K.L.:
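First the structure, which I've put down as structure tokens, then a few questions once you've had a look.
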Amino acid sequence: MPELNNGRKRILVTGGAGFLGSHLIDKLMEQGHEVICADNLFTGTLENLEHLSENPLFTFLHHDITNPLDVEVDEIYNLACPASPVYYQYDPIHTMKTSVIGAINMLGLAKRLGCKIFQASTSEVYGDPLLHPQTESYWGNVNPVGIRSCYDEGKRGAETLFFDYHRQHNIKIKVARIFNTYGPRMQPSDGRVVSNFIVQALCGQPITIYGDGRQSRSFCFVDDLIAGILKLMATDASVIGPVNIGNPVEFEMQELAHKILLLTNSDSEVVTLPGPADDPRQRRPDIALAKSVLNWEAEIQLEEGLIRTIEYFKVKLKRQGLNG
Ligand code: NAD
Ligand code: UDP
């Protein structure tokens with residue numbers, strides 16, 4: 001499909017009603033593009049897109065990507081997939097179908113249109129990594145039959161499909177491996193650690209640490225992540241990924257809990273619950289590749305990002321009448 005004269009593209013974002021997708025759509029629309037969002041609203045919400053409802057350049061399609069989709073677009077960003085362990089484990093078969101059949105459907109669309117397609121892959125492809133920090137050349141340590149496998153193996157299968165469509169059909173692909181990202185528009189019930197701890201701290205509920213709290217993650221603020229994705233999509237055809245995108249500063253979950261207690265001025269107690277099966281012990285991206293090919297690195301450090309996220313949750317919870 002030819003681009004319009006003014007450089008405006010028509011762009012499909014799957015999973016656009018979710019946390020990352022809705023921020024990505026905002027940036028694309030700020031750049032003047034027309035956006036079609038396809039989402040089944042499993043974990044996403046129209047509230048994240050409310051501000052666009054009157055915008056003639058925005059269209060929402062209630063659509064599950066496990067079914068084929070036929071639209072005319074210039075670019076595709078494939079983000080549809082529940083990302084929180086609580087939700088991807090709720091219906092693991094559908095999670096796998098979303099990753100694999102969804103990828104086949106979106107790659108088939110990209111093939112018909114001859115357009116560029118982005119895949120939101122994940123640090124979970126490294127599983128419980130034996131190499132630290134994780135470089136893109138590391139093949140990972142993934143349990144194929146565990147409770148996280150629907151997501152980990154689904155996303156690995158999707159990467160395989162992206163690379164095979166690239167090799168076999170010359171599809172223009174861009175694959176990012178996203179590390180734990182947080183920020184405004186996460187749902188209070190999302191179940192991931194940053195939103196859980198903030199909501200618990202603001203509501204005076206116990207902070208739930210799973211396991212010994214010594215497991216680590218590296219947290220990226222959403223604005224940094226979206227900037228990285230856009231830079232990757234703008235690279236020339238020689239850059240296809242996979243590229244790690246994340247903030248390499250690593251924290252243990254007990255440190256995160258105490259930081260959030262301090263920033264929320266909360267006196268919630270900290271409780272320890274059993275650790276989930278196959279919970280990775282450590283995770284930190286090596287972002288040398290992102291630095292060299294994208295000239296990208298995260299700029300917003302944890303404290304600043306948490307303050308902005310806490311402000312969002314204060315407003316959100318007040319609206320829902322949840323915090324005291
Ligand atoms: P999210 O759950 O907020 O958003 C996912 C969106 O996809 C939701 O709007 C949901 O309704 C939609 N969706 C789920 N299954 C679908 C289907 N079959 N058809 C259509 N829509 C469907 O999660 P997020 O954090 O915004 O993650 C977005 C993407 O980025 C996901 O693919 C996720 O795997 C990837 N990712 C996110 C992180 C992170 O830390 N946020 C890390 C690694 C990878
Ligand atoms: N976690 C926790 N308490 C919670 C939610 C999560 O201690 O209320 C831990 C979880 O066991 C994991 C880490 O926080 O070790 C990150 O979990 P999350 O679900 O955010 O993401 P992922 O495990 O996919 O990186």
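Just so you know, ligand 1 is whichever comes first in the structure, and atom 1 is the first atom listed for that ligand. Since the structure is predicted, the reported quantities are computational estimates derived from the model, not experimental observations. Positions are given from 1 along the sequence.
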K.L.:
Identify the closest protein heavy atom to atom 17 (C) of ligand 1: which residue and atom is it, and at what distance?
P.N.:
N40 ND2, 3.3 Å
K.L.:
Quick one: does A80 get an N or O within less than 3.5 Å of an N or O on ligand 1?
P.N.:
no
K.L.:
Name every donor-acceptor pair, under 3.5 Å, that has one atom in a side chain of residues 219-230 and the other anywhere in the protein, sequence neighbours excluded.
P.N.:
residue, atom, partner, partner atom, Å
D223, OD2, R308, NH2, 3.0
D224, OD1, E299, N, 3.1
D224, OD2, E299, N, 2.9
D224, OD2, I300, N, 2.8

K.L.:
Let me confirm one number: the SG-CG distance from C81 to N78, rounded to the nearest 0.5 Å.
P.N.:
9.0 Å
K.L.:
Output the list of atoms in ligand 1 that are nearer than 4.0 Å to some heavy atom of S121, sorted by atom number.
P.N.:
43 (C), 44 (C)
K.L.:
What residue and heavy atom of the protein are closest to atom 41 (N) of ligand 1, and at what distance?
P.N.:
R192 NH1, 3.0 Å
K.L.:
Identify the closest protein heavy atom to atom 4 (O) of ligand 1: which residue and atom is it, and at what distance?
P.N.:
G18 CA, 3.5 Å
K.L.:
If we set the cut-off at 4.0 Å for heavy atoms, which region of S84 has an atom near ligand 1: side chain, backbone, both, or neither?
P.N.:
neither
K.L.:
Identify the closest protein heavy atom to atom 14 (C) of ligand 1: which residue and atom is it, and at what distance?
P.N.:
C81 N, 3.5 Å
K.L.:
May I ask you to check whether I65 has an N/O atom sitting below 3.5 Å from an N/O atom of ligand 1?
P.N.:
yes
K.L.:
Return yes or no for this condition: an N or O of I178 is under 3.5 Å from an N or O of ligand 1.
P.N.:
no
K.L.:
Under 4.0 Å between a Lys/Arg side-chain N and an Asp/Glu carboxylate O for D74 and R8?
P.N.:
no
K.L.:
State which residue, out of N105, N40, T98, fulfils the side chain to side chain donor-acceptor pair (under 3.5 Å) condition with D64.
P.N.:
N40
K.L.:
If I apply the N/O under 3.5 Å rule, does T98 come out as touching ligand 1?
P.N.:
yes
K.L.:
Any nitrogen or oxygen of D39, main chain or side chain, under 3.5 Å from a nitrogen or oxygen of ligand 1?
P.N.:
yes
K.L.:
Select all protein residues for which some heavy-atom-to-ligand 2 distance is less than 4.0 Å, and list them by chain and number.
P.N.:
P85, E124, R148, N180, G191, R192, V193, N196, F197, T208, I209, Y210, Q215, R217, M253, P276, D279, R283
K.L.:
Just distances here: any N/O of G44 and N/O of ligand 1 closer than 3.5 Å?
P.N.:
yes
K.L.:
Can R217 and E255 be counted as an ion pair, charged N to O under 4.0 angstrom?
P.N.:
no
K.L.:
Is E311 salt-bridged to K316, going by a charged N under 4.0 Å from an acidic O?
P.N.:
no
K.L.:
Which part of K155 is near ligand 1, with near meaning a heavy atom under 4.0 Å away: side chain, backbone, both or neither?
P.N.:
side chain
K.L.:
Report yes if D64 has an N/O atom closer than 3.5 Å to an N/O atom of ligand 1; otherwise report no.
P.N.:
yes
K.L.:
What atoms of ligand 1 come closer than 4.0 angstrom to any heavy atom of H63?
P.N.:
19 (N), 20 (C)
K.L.:
Nearest 0.5 Å, what's the CD-CD1 distance between E124 and I178?
P.N.:
12.5 Å
K.L.:
Examine the side chains of N143 and D278 and answer whether a donor and an acceptor come within less than 3.5 Å of each other.
P.N.:
yes
K.L.:
I'd like to know if K97 and D91 make a salt bridge, using a cut-off of under 4.0 Å between side-chain N and carboxylate O.
P.N.:
no
K.L.:
What pairs with E303 under salt bridge (charged side-chain N to carboxylate O under 4.0 Å, His left out), at least two apart in sequence or on another chain?
P.N.:
K259
K.L.:
If we only consider heavy atoms of G102, is any one of them less than 4.0 Å away from an atom in ligand 1?
P.N.:
no
K.L.:
Taking E153 first and then R148, would you say they form a salt bridge - that is, a charged N and a carboxylate O separated by under 4.0 Å?
P.N.:
no
K.L.:
If I take atom CE from residue M96 and atom CG from residue D152, how far apart are they, to the nearest 0.5 angstrom?
P.N.:
9.5 Å
K.L.:
Answer yes or no: is there an ion pair linking E75 with R10, defined by an N-O contact shorter than 4.0 Å?
P.N.:
no
K.L.:
Any nitrogen or oxygen of N180, main chain or side chain, under 3.5 Å from a nitrogen or oxygen of ligand 1?
P.N.:
no
K.L.:
Are any of the N/O atoms in T66 less than 3.5 Å from those in ligand 1?
P.N.:
no
K.L.:
In the protein, which heavy atom is nearest to atom 40 (O) of ligand 1, and how far is it?
P.N.:
T181 N, 2.8 Å
K.L.:
Using heavy atoms and a threshold below 4.0 Å, how should the contact between L41 and ligand 1 be classified: side chain, backbone, both, or neither?
P.N.:
backbone
K.L.:
Taking 4.0 angstrom as the limit and counting only heavy atoms of H94, give me the atoms of ligand 1 inside it, by number and element.
P.N.:
18 (N)
K.L.:
May I have the list of side-chain donor-acceptor pairs in residues 245-254 shorter than 3.5 Å, sequence neighbours left out?
P.N.:
residue, atom, partner, partner atom, Å
N247, OD1, V249, N, 3.1
N247, ND2, Q301, OE1, 3.0
E250, OE1, H132, NE2, 3.0
E250, OE1, R284, NE, 2.8
E250, OE2, H132, NE2, 3.0
E250, OE2, S216, OG, 2.6
E252, OE1, R214, NE, 2.7
E252, OE1, Q254, NE2, 3.4
E252, OE2, R214, NE, 3.2
E252, OE2, R214, NH2, 3.1

K.L.:
I need the nearest protein heavy-atom contact for atom 28 (C) of ligand 1: residue, atom name and distance, please.
P.N.:
L79 O, 3.6 Å
K.L.:
Got the closest protein heavy atom to atom 36 (N) of ligand 1, with its distance?
P.N.:
Y151 OH, 3.9 Å
K.L.:
Less than 4.0 Å is my threshold; does some heavy atom of S123 fall inside it relative to ligand 1?
P.N.:
no
K.L.:
Would L20 count as being in polar contact with ligand 1, using the rule that some N or O on each side must be under 3.5 angstrom apart?
P.N.:
yes
